[in-house]
*Asks:* 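Quick one: structure below, then a few questions.
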Amino acid sequence: MLNRAHLTRRLLVSAAVIGIASPGWTQAAPEPAEEAAEAVDGNVIIVTATKRSSTLQEVPFSINAQTQKDIQRANASSLEDISRNVAGLAVQNLGPGQSSVAIRGVSAGQIARDQAGVKEQVGVYLDESVVSLSLFTPDLDLFDLNRVETLRGPQGTLFGSGSVGGTLRYITNQPKLGKIEGLVEANVNTVDESDVGGHIKGAINIPLGNTAAIRVVGYYQKYAGYIDAKGPAGGKNINDGTRVGGRIALLWEPTAELRITPRVVYQEVRADGFNREEVFNLYANRLSTTRPAIDLDDREQYLLLKEEFKDDTLIADLTASYDFGGVELTSVTTYIDRNILISRDASALTGSISDDVGFPDAGVLLPSNLLDTTKLKTWTQELRLGSTGSGPFQWVVGGFYSDVQRDYLQTLPTPGYAAFVDAAFGAGASAGAANGFLNLDSPYNSEVPFDIRQTAIFGEASYDFGQFKLTGGGRYYSFKEERDFTSGGVFGNQDNIVGEGTKSSGFSPRAIVSWEPSNNLSINAQIAKGFRLGGVNDPLNIPLCTGGAGGIDATLYGPFAGEFDDETLWNYEAGIKYQAGGITFNAAAFYTDIKNLQINVVAGTCSSRVSITADKAHTMGLEAEFAASPLPGLDLSIAGSVLEAEFDSTLVEPLATRTGIREGNRLPGVPKFQIAATATYGQRFRDNGDWRVTASFQHVGSRYTRAADQELNPRTYFYGNNFGGIPPGVGTTVDLKLPSYNLVNLSAGLDFDSGLSLVLYANNVFDKSPKLSFDEERAGRARLGFHVGQPRTIGLTMRQSFGRSPPPPPPPPPPPPPPPPPPPATQTCSDGSVILATDVCPPPPPPPPPPAEPERG
């Protein structure tokens with residue numbers, strides 16, 4: 001029997017082949033999918049940020065929409081690529097499939113793989129289905145998207161918890177009735193003139209009679225690697241990988257009022273390593289004296305074991321709507337099944353602990369594999385009623401329910417480790433610490449099942465008084481989270497905690513006033529509340545803490561190893577939107593007051609992490625986006641944000657220094673300044689196509705991965721033991737402030753009337769190596785490094801669109817001509833003429849006069 005992965009690949013490849021090899025449909029002039037989002041003039045974008053269709057300029061709060069054309073012109077393949085072109089949107093790269101998204105500076109900083117109880121701050125949706133998961137929001141492919149919407153500021157009224165900073169929405173192209181269309185895309189690229197990547201993707205829309213249509217999308221992408229590794233598991237380009245997946249959506253519209261759209265989305269992501277550049281590794285560093293000193297160069301790391309990332313995501317949803325005439329009922333049912341595996345080389349981490357307890361070098365050098373497994377099953381149901389007319393009063397009310405089952409398992413298989421444990425602590429020590437986990441060679445194991453249930457009732461209404469429009473709404477929510485915690489192995493506490501949890505309920509309101517002095521200009525102001533559910537921290541790994549239960553780390557962080565509070569904020573903003581004559585200008589100023597901001601903190605040498613709440617914090621700033629077409633064929637755009645995101649409270653010492661929660665310190669993960677500028681120029685190419693060139697400049701300001709990184713920085717990390725002969729007073733100094741970086745991208749393309757497009761591009765033209773986040777293990781005693789961005793990438797993309805509407809049915813044959821009328825009766829006159837019988841023949845002509853007589857004489 002075929003397994004699920006193999007079957008999925010076959011289905012997707014079949015879908016792509018259908019898109020490429022469909023001989024029965026003639027190619028016509030392209031009709032790209034973004035036409036559903038853009039009007040004929042290319043400036044009017046339709047969005048659904050208020051749960052109803054409206055133009056981008058009509059939405060009474062700050063929103064950005066990157067259309068399919070924008071995504072293609074930017075050669076973007078991930079949300080991180082898109083974020084650099086969107087004001088106020090920041091993505092903190094923590095490794096493949098492990099990025100953290102922040103909007104307007106509302107950020108808790110780095111979320112580690114083992115912080116399963118931390119909730120997201122930005123809600124992420126695939127059309128109507130919520131798909132966000134803290135740290136592991138699916139890295140969905142951007143092919144055949146209609147647009148990506150960024151809704152800035154808290155969206156708790158319509159989108160609930162997890163949208164405390166804002167909401168991101170991937171909007172896909174939907175099946176279309178009565179239309180055959182498709183797109184095939186192929187790419188090849190090289191990264192830093194080293195590894196080769198590429199993709200092939202296909203989409204096809206097929207009508208099924210007059211009332212149904214199906215849309216099939218399939219894609220395969222190979223990521224080129226650019227990180228090299230030294231050591232026993234070393235190699236070139238070890239962080240390459242693949243993404244394969246697709247979606248099938250069916251639209252059935254039996255009547256004009258009823259629409260039913262079931263859909264299945266499946267995606268597999270694989271990475272053979274991580275984009276980590278190391279500056280210190282216990283086994284490979286310049287400080288060792290009894291082992292070879294090793295310098296790790298740019299984009300290099302050291303491995304005893306190969307690393308791996310896997311993410312299998314299945315999303316099945318059903319959206320149905322019925323229009324009762326002025327009122328529409330919508331139901332959205334979603335099921336998600338995900339399996340995530342992070343396999344890391346934890347040899348240095350385990351080795352540093354082994355050296356602490358006096359194991360011989362053979363025990364310190366054992367390869368150790370940290371396996372983090374997440375299994376997720378989610379059911380959500382939304383049911384809402386909304387007005388559909390064009391009157392001044394518009395409204396939407398609804399209910400929402402979700403049940404999230406998340407099982408998190410962590411193990412540390414280290415073959416041969418039990419023998420060293422038993423030799424050091426006595427026979428049976430490893431078995432005595434197992435606490436039911438079977439692998440005695442795994443010094444740490446934990447299992448944490450979660451059950452999170454949410455119910456909510458929401459509503460929003462607006463009334464248009466002419467030039468003024470008022471909008472108000474709110475959401476009542478109720479959460480209940482339950483979890484167990486079991487740990488075993490000599491690194492853990494042998495915990496058996498059952499029935500921990502948290503619950504919360506409350507109300508999140510929003511009020512907006514808009515003034516529209518003309519059809520081209522609107523000014524709006526709003527106040528809105530956001531909410532993020534709290535949770536429960538895991539117990540500290542006391543055996544790993546320096547000094548044990550009485551040591552400084554356990555004393556400082558132990559009190560936080562319990563519940564942490566809900567996070568709330570109030571957002572105040574004013575904005576302006578203008579569009580006329582080919583110019584679009586949108587800007588907003590905002591101030592956000594945050595209470596109990598959940599900050600993620602490394603608990604020293606305990607190899608544990610906890611969430612600590614900062615009593616007060618704020619963000620304030622200005623964001624603006626401008627687009628214009630000053631000349632025929634020339635499109636210009638610029639988007640940027642200036643941001644202040646800081647703590648307004650201070651913890652007692654030494655916690656303030658250890659955590660970075662100090663008044664005036666920056667919130668982690670977001671730049672103070674970010675700007676992107678793009679220019680595209682194109683003209684007609686002969687008589688059958690267009691040419692265009694695009695240049696973009698992106699600047700991302702400096703950031704900190706965690707709040708604590710700005711304390712005692714630059715910081716020197718000391719190993720503290722004697723493995724490798726590292727001197728006790730010598731350390732590794734690291735500047736933890738991630739420097740600002742600039743990226744320049746160039747592309748040139750040809751777009752033919754036949755639907756063929758060719759694009760040659762170069763991203764990161766000047767081969768910058770931006771530091772995206774800081775990575776450390778066990779307070780720097782095991783490993784120090786940075787996640788870094790992709791080097792210069794040169795690629796070629798080919799797209800072929802096709803499509804036509806089915807031919808209309810042949811016209812009915814014309815009716816037979818009437819029989820000719822009978823000929824009329826005639827008569828022949830004496831002069832030979834033929835006339836109607838009813839007419840009178842003309843009288844005969846008079847006789848000629850007689851000839852004259854001759855004269856006599």
Side-chain angles (χ1 to χ4, degrees), residues 7-37 46 48 53 68 126-129 140-141 143-147 170-185 200-219 245-267 314-324 328-335 388 755 799-812:
L7 179 60
T8 302
R9 289 191 181 96
R10 289 187 59 181
L11 288 173
L12 296 177
V13 170
S14 298
V17 170
I18 291 173
I20 296 172
S22 302
W25 302 303
T26 58
Q27 294 181 353
E31 189 170 348
E34 67 265 18
E35 288 183 359
I46 304 300
T48 53
S53 296
Q68 180 173 307
L126 179 63
D127 295 311
E128 296 276 3
S129 299
L140 297 172
D141 193 272
F143 181 70
D144 199 44
L145 289 188
N146 188 280
R147 62 192 182 275
Y170 294 88
I171 307 299
T172 63
N173 288 318
Q174 296 297 301
K176 299 177 183 178
L177 297 178
K179 186 177 183 64
I180 299 170
E181 67 175 14
L183 177 67
V184 178
E185 179 177 293
I200 182 167
K201 306 176 182 182
I204 186 169
N205 185 92
I206 304 174
L208 305 175
N210 297 326
T211 62
I214 188 170
R215 193 174 192 96
V216 180
V217 177
Y219 50 87
R247 60 181 183 268
I248 301 175
L250 174 68
L251 169 64
W252 182 41
E253 193 171 323
T255 68
E257 297 80 17
L258 178 63
R259 292 174 59 91
I260 301 174
T261 308
R263 178 178 60 181
V264 176
V265 180
Y266 185 78
Q267 178 173 280
L314 171 67
I315 303 171
D317 54 20
L318 174 66
T319 302
S321 63
Y322 190 86
D323 191 345
F324 293 94
E328 186 173 55
L329 175 67
T330 302
S331 171
V332 182
T333 306
T334 305
Y335 172 73
T388 58
R799 300 183 183 96
Q800 176 66 62
S801 62
F802 59 90
R804 66 175 179 85
S805 299

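We're numbering straight along the sequence, starting at 1. This is a predicted model, so every value here is computed, not measured. Side chains included, hydrogens not; waters and symmetry mates left out as well; all remaining heavy atoms used.
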*Asks:* Could you tell me which residues satisfy side chain to side chain contact (heavy atoms under 4.5 Å, CB included) with T211, sequence neighbours excluded, listed by chain and number?
*Replies:*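 Side chain to side chain contact (heavy atoms under 4.5 Å, CB included) check on T211 returns W252.
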*Asks:* Answer whether the closest heavy-atom distance between the side chains of S801 and L183 falls below 4.5 Å.
*Replies:*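 Yes; the side chains approach each other to less than 4.5 Å.
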*Asks:* Taking atom types as modelled, find out whether N173 and Q68 have a side-chain donor-acceptor pair closer than 3.5 angstrom.
*Replies:* yes
*Asks:* Side-chain contact test, heavy atoms from C-beta onward, threshold under 4.5 Å: evaluate it for N205 versus I214 and give yes or no.
*Replies:*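 N205 vs I214: side chains apart.
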*Asks:* Measure from the side-chain N and O atoms of D317 to the backbone N and O of V332, and report whether any donor-acceptor pair falls under 3.5 Å.
*Replies:* no
*Asks:* Determine whether L329 and F324 make a side-chain contact, defined as any pair of heavy atoms from C-beta on separated by less than 4.5 Å.
*Replies:* yes
*Asks:* Quick one: are R147 and T48 in side-chain contact, heavy atoms under 4.5 Å?
*Replies:*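 Result yes, sub-4.5 Å side-chain heavy-atom pair found.
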*Asks:* For residues V184 and I204, determine if any side-chain heavy atom of one lies less than 4.5 Å from a side-chain heavy atom of the other.
*Replies:*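 They are not in side-chain contact.
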*Asks:* Less than 4.5 Å apart, any side-chain heavy atom of R263 and any of L250?
*Replies:* no
*Asks:* Closer than 3.5 angstrom, by distance alone: can the side chain of D127 be matched with the main-chain N or O of T172 as a donor-acceptor pair?
*Replies:*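 Between the backbone of T172 and the side chain of D127 there is a qualifying donor-acceptor contact (under 3.5 Å).
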*Asks:* For G182, does its backbone N or O pair with a side-chain atom of R215 as donor and acceptor, under 3.5 Å?
*Replies:* no
*Asks:* Mind checking what makes salt bridge (Lys or Arg N to Asp or Glu O under 4.0 Å) contact with R799, not counting sequence neighbours?
*Replies:* E185
*Asks:* Hey, mind stepping through R259 and D323 against salt bridge (charged side-chain N to carboxylate O under 4.0 Å, His left out) and telling me if it holds?
*Replies:* CA-CA 9 Å; R259 292 174 59 91; D323 191 345; over 6 Å; no
*Asks:* Does the side chain of P207 reach to within under 4.5 Å of the side chain of L177, using non-hydrogen atoms?
*Replies:*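 With C-beta onward as the side chain, the pair stays apart.
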*Asks:* Between CD1 of I171 and CD of E128, what distance do you get to the nearest 0.5 Å?
*Replies:*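 Rounded to the nearest 0.5 Å, the CD1-CD separation comes to 7.5 Å.
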*Asks:* Between the side chains of K201 and D141, is the shortest nitrogen-to-carboxylate-oxygen separation below 4.0 Å, so that they form an ion pair?
*Replies:* yes
